[in-house]
Amino acid sequence: MQMLCGKSTARSWVGRSALARLSLATAFGKSSSCLPLLTHPRRATPLLHARHYATGKLDLPSLDLKWRRSWASAETKPYAPGTESQFVLPMFPYPSGYLHLGHLRVYTIADVIARFRRLQGYDAVLPMGWDAFGLPAENAALARGFPPARWTADNIRRMKDQLEHMNGSWDWKRELTTCDPKFYKHTQNIFLMLHERGLAYQAEAEVNYDPVDKTVVANEQVDSNGFCWRSGAKVEKRKLKQWFLRISEFQEDLLKGLDTLAKDGAWPERVLSMQRNWLGKSTGAMVKFPVMAMGHDVHSSIEVYTTRLDTLPGVQYLALSSSHPIVSKLAQVDAELQAFLDTLPGLPPDSKVGYLLPHLRAVNPLAYHEDSPDATKKSIPVYVAPYVIDGYGEGAVMGVPAHDHRDHAFWKTHRSDEPVRVVLSASEDESTTVILNEPFVGHGIMTADSGPFKGKSSVEVGQMLIDLLEPAQLAKPVERWRLRDWLISRQRYWGTPIPIVHCDSCGPVPVPEDQLPVELPMVDNHWFEGKPGNPLEHAAEWINTKCPKCDGPGKRDTDTMDTFVDSSWYYARFADPHNENQPFSKEAADKYLPVNLYIGGIEHAILHLLYARFIYKFLRTTPLLADGQDSEVTAEPFTRLIAQGMVHGKTYSDPETGRFLTPDELDLSDPQQPKIRSTGVVAATSYEKMSKSKHNGVDPTGIIAKYGADATRAHMLFQAPVGEILNWDEAKISGVTRWLSRLHNHVGSLAQKKDGMDESAKSSLETRFSKLDSMTSDELAQWDVDAKVWREVQGTIASVTSSYSGVYGLNTVVSDLMGLTNVLLEHEASPVLLQEATSALIRMLAPITPAFAEECWSILHPSTPSIFSAASFPTVDGTLPILQPRLRTCAVQVKGKLRAVVEVPPPPGSLEGDVLRDWMVEEILKTEEGGRLGGAVDLKGARRVIVVRGGSAVNFVI
Ligand code: ANZ
Ligand code: ZN
């Protein structure tokens, strides 16, 4: 997905040649996913003596090639799809041409979860697509003379190849590309559905207009002084007709839906609060202040919007925005006011400048109430102040210096000699809150200065004031939203054309569905030379068409859609990617939607997710997605959202100057002491967001080629929880490689030993458990080892299953599996257990290291097919209750000093007090070490024996 890019480089476009109405589809149909030719895969040679640590070298990159080839050639899916679907989706990428480590992280997480779900028996869908419209393609086209379509197709081919190398199990049959007419036909379809319902409309909006290049430019293209970076012209704010989507129609549903998503932590709290904030619902009141105008013919009252009606008794002035109608009117006769207004552009937004309107006073609506304090009854001044935002609320503010930060600052600037009136404080004891130079902005208890409200809670007073003023039409409750309708038109070439024809007699007319898609005219290299404006505006052949309604002459709309429109519905297209007639069928949607797990970066916390939620909720009101069962309010496109953390790169800098160092400038022969070559000084090391200027970027393709995809994936997951920043340190990958090597050797040794094991671990354990009493001490010793190993296996299955399901703790999956590997290697468990435990370990590891797991699986089970079709994810077998340790450790202390640690049976639960004590002493003396200690010290003759924590320690006081 596209990140908001900083600098963009649209120059101008020209259509010199005749426009070829070629289908762009051809550019996208053929990107192949074929793998590079393979070298001979090596057969892994099982090694003897598994309990020795790795000696043979495990060649992970060649395992990748071997198994990727096998997966690719498998006629059917390499896994057997279950019936219940699980839709796992990483946010689709912008095809920049290069996969970076951030991509690799999110795609690894997605692939791991999809594979985990498949092993659990789900039909996991893991599709991939391309967010392929947008400015960078136009810019690249300008810089390199490539048509955007070709540039995009090349990049997709390259990234697809890189994606293949990460051992992802992508469902390429569902691949989609938003700039493919087969896709954007349906983007246009959805636009027209919105249009039909009055939810897509045109309105005047302020845009940045470059008068030299005669084009609208994006915000990012205007520098901080208001000049266009390209033409150098001063950018004008112009009102132009733009297309909007009426997202505000769904604001209440969008807000309520967040409560659904908050359940069970389905979405991160941070994202929910960012969305809530963006919607910005506030309930407040509109209040009318009568105006006394001396000698002017202005309105008889000023209306303000406030969220704190309770502070009304403390209003000390009114402030109007610079374009308030009263201000515009007065400016015609007040030259000084006009001069003030002229100085405003260019001021910082928080500036507290103001202009006192002469001959104008306002009256607090409470002035008409006898009980109001005198101060409230006095008329108040009216200012023009740019801190009041035009277009928000009424464009007018009631100034309450005591209870609002902005008002406080304004008052201190203009009326510092007059006292601030405090009308509420934190508690009845006013002295606790009234600090002179700080407004008190919270709720609390009204003070004496509020007159009749003294002692009441401010929340309650807010309601009382509505009840009091509403009948007199001096106030009314109102609801406001910060959310604005979504401006989707872009005056650009590389986007989905807006399917509207403008006709002089009929107005804007939707292009009939059977004429979709409205394809972008093909442009060739000659376009890349300077003629100002949106290239579509010069595409005369394309523009001039017939009005679909009256057949008269019509002109195509030359705007294209914001790329966020494409990404607002692409996930649904994955359910039915080849449907030519409609965006998707109801059956496909019912089967696959909503997305079960959506994974992406926090940079999309607001816009993309809000737009996608909006379009989904809209679609639920259309036959495409209509559903009688759950209401539109709770329908959400992404059941669970995972926000993955960023990947930071190791960064070296000069400790004196802070300058970032390039690899060439460094001597890294001692990794602990990176030195600056030229000076010998030790370089400073830190982890920072990867960027060219910091020389800390890492190319994942190189890493994968060197260590193999599996080790890279495992390392990536192991280094940090999914939601946190990952500090990428290539050196540490060796920990993972060593682990896999040891495990590989272990598997090889098992394959050699394996014979005649029909019994399962569970039945072996159960049979032996029933005969514990009659076992020899050797048999008991083996039982103890087996019970311990199987306890670990069962515990690991439980914790790993829960970590996979929770996603955020994937790092602990790796550490748990490393732990289990150690247990298996360090204990001589019975062959049947070892075999089964290893099989479970390999299956638990398979989602993370698919090729490695296939290899191990093929060694363990030479005649079965792929682990992803033959195996299932292990589940606990219910043996835990019989596996409790037969012995447990007890620390033996003499006069508080530790003298021995012995293994004794857990004391029977019924024992306590003196009986327990005597039982413990007997058991301690029965052990070898306890007996030896008893020979040296007269334990039995101790003055006191204290049993600690139910027998985990025993202290003898001699
Ligand atoms: C008086 C007051 C007293 C306010 C107080 C706040 C605290 P939100 O919640 O963000 O919607 N306001 C209203 N219209 C404004 C405008 N056009 N430009 C700038 N500020 C404006 O903010 C609502 C509050 O913002 C309103 O409540 C108003 O100040 C101010 F102790 O009214 B309040
Ligand atoms: Zn017409």
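Note that ligands are numbered from 1 as they come in the structure, with each ligand's atoms numbered from 1 the same way. Below, all heavy atoms of this structure are taken into account, side chains as well, without hydrogens, waters or symmetry copies.
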Can [X] and [Y] be counted as an ion pair, charged N to O under 4.0 angstrom?
X	Y	value
Arg490	Asp562	yes
Lys185	Glu519	no
Glu636	Lys617	yes

Distance dump, ligand 1 polar atoms to protein, N/O, under 3.5 Å:
residue	atom	partner	partner atom	Å
ligand 1	10 (O)	Arg482	NH2	3.4
ligand 1	11 (O)	Tyr392	OH	2.2
ligand 1	17 (N)	Ile389	O	2.8
ligand 1	17 (N)	Tyr392	O	2.8
ligand 1	18 (N)	Ile389	N	2.8
ligand 1	25 (O)	Arg406	NH2	3.3
ligand 1	27 (O)	Thr306	OG1	3.4
ligand 1	27 (O)	Thr307	N	3.0
ligand 1	27 (O)	Thr307	OG1	3.1
ligand 1	32 (O)	Thr306	OG1	2.6

Given 3.5 Å as the limit, does a donor-acceptor pair link the side chain of Asp485 with the main chain of Ile247, or not?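 Indeed, once roles are kept as given, a pair shorter than 3.5 Å links the two residues.
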With rounding to the nearest 0.5 Å, note down the distance linking CG in Asp334 to NE2 in His359.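 With rounding to 0.5 Å, CG (Asp334) is 8.0 Å from NE2 (His359).
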Answer yes or no for Lys234 and Phe227: cation-pi contact, defined as NZ/CZ to six-membered ring centre under 6.0 Å and angle to ring axis within 45°.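 Yes, a cation-pi geometry holds between Lys234 and Phe227.
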